[in-house]
Structures are given as structure tokens and as C-alpha cells.
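Sequence lines set the chain letters: A, B, ... in the order given, protein chains first and strands last, and positions in each chain run from 1.
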Protein chains: 2
Amino acid sequence: MKAQRNTKQRQLILWIVSNRHDHPTAEQIYLEAKTKNKKISRSTVYRNLGILVAQGKIIQTKMPTSDHFEAVIKDHYHFVCSKCGAIFDTPLDYDSTINDSLAEKTGFVVTKHRTVFEGICAECLKKESK
Amino acid sequence: MKAQRNTKQRQLILWIVSNRHDHPTAEQIYLEAKTKNKKISRSTVYRNLGILVAQGKIIQTKMPTSDHFEAVIKDHYHFVCSKCGAIFDTPLDYDSTINDSLAEKTGFVVTKHRTVFEGICAECLKKESK
DNA sequence: ATGGGTGCAAAGTGTTTGCAAGTAT
DNA sequence: ATACTTGCAAACACTTTGCACCCAT
């Protein structure tokens, strides 16, 4: 791996992702970054998100319309509300045994898995019942 | 739900998705559709894929760069090779109990979950060891 | 000093949409 | 006959890239 710098922009982006817990998109991160650094560009945000993901410092999750980012905590699963689109971390334990189980059955190397639940969140359920 | 027709194009698209087992993208489906119907347009493919997904006849899975489609068989999980990008169905059983478990813990309505495994497929492992 | 990184604008992808004409029901 | 659907082209949203300048190491 080639030497990588630790620029102000990269630090800022990592800081933003680490300090919000709402799984922001690249655009949301860009908007917040701009409040701290008026000159920062979208490309810098996208590039650094990619680098930080490659470094294993943040996690990228595919969702309808665009990807969402979050700091690495420990492996966990997500829930997306199909009404409002909000994303939540689930309180379920990460089941690493199924990686091994799949590896055994297929002969593949299985490094991880991602699970996204779908349904309706408490907030939207409340609105519906009115 | 408003009345929906069953056009030749829609039938063709469903037929294509049902008859290949390689999880094609919209573009791949479009290309195959064009061999049977030279006039068909991309928009028709996209529109019908959306309708077929809404009808529950096919499944859409988010993957890097673009979505992939497949006929509904039964709930199952996918594996993506991080080397070659190939997608496979896994031989693992779908665990519906975790939906209930999450619903219980959160008070959300949980309709389903999707899991994607990541790693290196047998084919690529073979190449690597040379 | 040197080569990774930045900002800008332009170019790409993948997907959606407006509209007039076509067609399943 | 009605209104859903098509094909086309243009528009979109999100992301990537080329390039000259900049700055962390």
C-alpha cells in the first residue's frame, strides 16, 4: 500500500462520519464539511470516503438511491424504514458463524456478510395509526 | 392497485429474468431482450423491472455499480466475489426468526431482511494459487 | 523536493421522465 | 373506446476523472 497522507480534509470527513449517528450520504457529509471548510469540494469528499472505506475506518452501505456511511463500531446490521427511509442500527448480534458455514459448504473464502432489514419504523407506525 | 396489462415486453422481460440464473443487471436484460425484440427500449426494461418487483414476481438486489435481478424462488442469500464480481445464491437457509426477534426488540414492523456475503469465489481462488 | 491530495469543471454511469403514438382489455 | 404502455430523447442523480496547483511528509 502506498504512503497516504492525513490531510485536514480527510480528518474532517472522518470526524464528521464518526460524530453523527444517522448514517449520512456522501452529499450530507459534503454539506456538513462545507460548514467547517467552505472550500472543500464534492470530489474530495467522495475520494476520501473511498479511501477511508478502503482503510477500514468507515463502512459503506448500499441503500436505495445512494450509499450511506458510518464509522466502524463493530459488525452490526441495519434496518431501513420503507416509509420514511430512515436507517437504524439493529440491536441484534452479528452472527459470524454463518460465514464459516457458508465457506464450508462452498469452498469459497467468506470474509463477511451484510444484512439489511426492511419494514416500518416506530415513528411511521404511530403516524399510520392516526 | 390499478389494472395492469400483460404486454409482450413485460412477458419477455419476466421470461428473461426467469430463465437465467446469473442475476443480470437491467442492462444485461435489455441486451438480451433486444435480441428477441429489436425495438424494445431501455425505459421499457427499467419500467417493467420496477413493476415486476412491485408485483413480487422478481427480486432486486443492490450491488456495487448497479442493481441485479432474479426470479423469485424462495428467500435466500447472496454471495458476491470481491475479485470478479460474480454473484451466487448461497445454500444457506433463510432465517426468518431474526425478523421476529428484531421486531420484538424494536417495536418496528419487520417484513424481511437481505443478506449479502462477501469474499472470494472458488474460481478466483484457483487463479490466485497459480 | 516530491508525489499524494485538492478544487474545479467536465464527463460518466445507471436510472427516470415527458410526451405522442400504440395496444391490451 | 379507454387508459395503460411503449419508444425515443432528454433530463436526472450520484459518482468518477483529468488536470494544474498545493501541501504533508
Side-chain angles (χ1 to χ4, degrees), chain A residues 1-17 22-70 80 82 85 87 116, chain B residues 1-17 22-55 57-70 80 85 87 116:
Chain A
M1 193 196 289
K2 57 185 171 183
Q4 290 185 314
R5 295 181 186 170
N6 194 13
T7 60
K8 294 197 174 81
Q9 293 89 335
R10 189 166 303 163
Q11 287 165 25
L12 173 59
I13 291 164
L14 179 54
W15 183 88
I16 290 173
V17 175
D22 63 341
H23 307 77
T25 61
E27 181 68 14
Q28 292 173 314
I29 294 162
Y30 165 66
L31 290 174
E32 181 166 345
K34 256 208 326 196
T35 68
K36 316 268 181 194
N37 173 345
K38 303 193 191 294
K39 284 286 192 178
I40 202 168
S41 75
R42 268 190 192 62
S43 0
T44 298
V45 172
Y46 276 100
R47 271 188 292 237
N48 279 305
L49 285 173
I51 290 168
L52 290 167
V53 167
Q55 291 178 343
K57 292 182 181 163
I58 64 177
I59 288 172
Q60 180 169 22
T61 307
K62 300 220 146 296
M63 298 283 176
T65 72
S66 67
D67 291 359
H68 292 247
F69 299 85
E70 68 190 299
V80 203
S82 40
I87 298 167
V116 179
Chain B
M1 190 197 287
K2 58 185 173 185
Q4 291 185 314
R5 296 182 185 166
N6 194 13
T7 60
K8 295 197 174 82
Q9 292 88 335
R10 188 165 303 160
Q11 288 166 22
L12 173 59
I13 291 164
L14 180 54
W15 183 88
I16 289 172
V17 175
D22 63 341
H23 307 78
T25 61
E27 182 67 13
Q28 293 174 312
I29 294 161
Y30 165 65
L31 291 175
E32 181 166 345
K34 257 207 328 193
T35 67
K36 315 268 182 192
N37 173 346
K38 304 194 190 295
K39 284 285 192 178
I40 200 167
S41 75
R42 267 190 198 42
S43 2
T44 298
V45 173
Y46 277 100
R47 269 188 295 237
N48 279 306
L49 286 172
I51 289 167
L52 291 168
V53 168
Q55 290 178 343
K57 292 183 180 162
I58 64 176
I59 289 173
Q60 180 168 23
T61 308
K62 301 218 148 296
M63 298 284 176
T65 73
S66 67
D67 291 358
H68 291 247
F69 299 86
E70 68 191 299
V80 202
I87 297 167
V116 178

(message) Quick one: does any side-chain atom of A/Asn48 pair with a main-chain N or O of A/Thr44 as donor and acceptor, under 3.5 Å?
(response)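 Between the backbone of A/Thr44 and the side chain of A/Asn48 there is a qualifying donor-acceptor contact (under 3.5 Å).
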(message) So does B/Asn6 get a backbone contact from the side chain of B/Gln11, meaning a donor-acceptor N/O pair under 3.5 Å?
(response)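 Between the backbone of B/Asn6 and the side chain of B/Gln11 there is a qualifying donor-acceptor contact (under 3.5 Å).
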(message) Which is more 5' along DNA chain C, the nucleotide nearest B/Gln60 or the one nearest A/Gln9? Just name the residue.
(response)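 Mapping each residue to its closest nucleotide by heavy atoms, the 5'-most match is A/Gln9.
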Check salt bridge (Lys or Arg N to Asp or Glu O under 4.0 Å) between [X] and all other residues, then give those that pass, not counting sequence neighbours.
X	result
A/Lys36	none
A/Glu32	A/Arg20
A/Arg47	none
A/Lys57	none

Expressed in angstrom and rounded to an integer, what is the separation of [X] atom [atom1] from [N] atom [atom2]?
X	N	atom1	atom2	value
B/Ile51	C/dT17	CD1	P	12 Å
A/Asn6	D/dC22	CG	C1'	17 Å
A/Met63	D/dA13	CE	C1'	18 Å
A/Gln11	C/dG5	CD	P	13 Å

Would you indicate, yes or no, if [N] has its OP1 or OP2 atom less than 4.0 angstrom from a side-chain nitrogen or oxygen of [X]?
X	N	answer
A/Ser66	D/dA13	no
A/Lys8	D/dA24	yes
A/Gln4	C/dG4	no

(message) Below 4.0 angstrom, which residues in residues 33-49 of chain A have at least one non-hydrogen atom near DNA chain C?
(response)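 When residues 33-49 of chain A is checked for heavy atoms under 4.0 Å from DNA chain C, the hits, listed by number, are A/Lys39, A/Ile40, A/Ser41, A/Ser43, A/Thr44, A/Arg47, A/Asn48.
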(request) Could you tell me, to 10°, how much the axis swings from one end of the helix from C/dA1-D/dT25 to C/dT25-D/dA1 to the other, five pairs per end? (result)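 About 40° separates the two local helix axes.
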(request) Compare every heavy atom of A/Thr25 with every heavy atom of A/Phe69, then report the nearest pair and how far apart it is. (result)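 Scanning both residues completely, I find the closest heavy atoms to be CD1-C, 4.3 Å.
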(request) Would you kindly check whether a donor in the side chain of A/Arg5 faces an acceptor in the base of C/dG5, or vice versa, at under 3.5 angstrom? (result)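 Counting by modelled atom types and ignoring angles, no donor-acceptor contact under 3.5 Å is found here.
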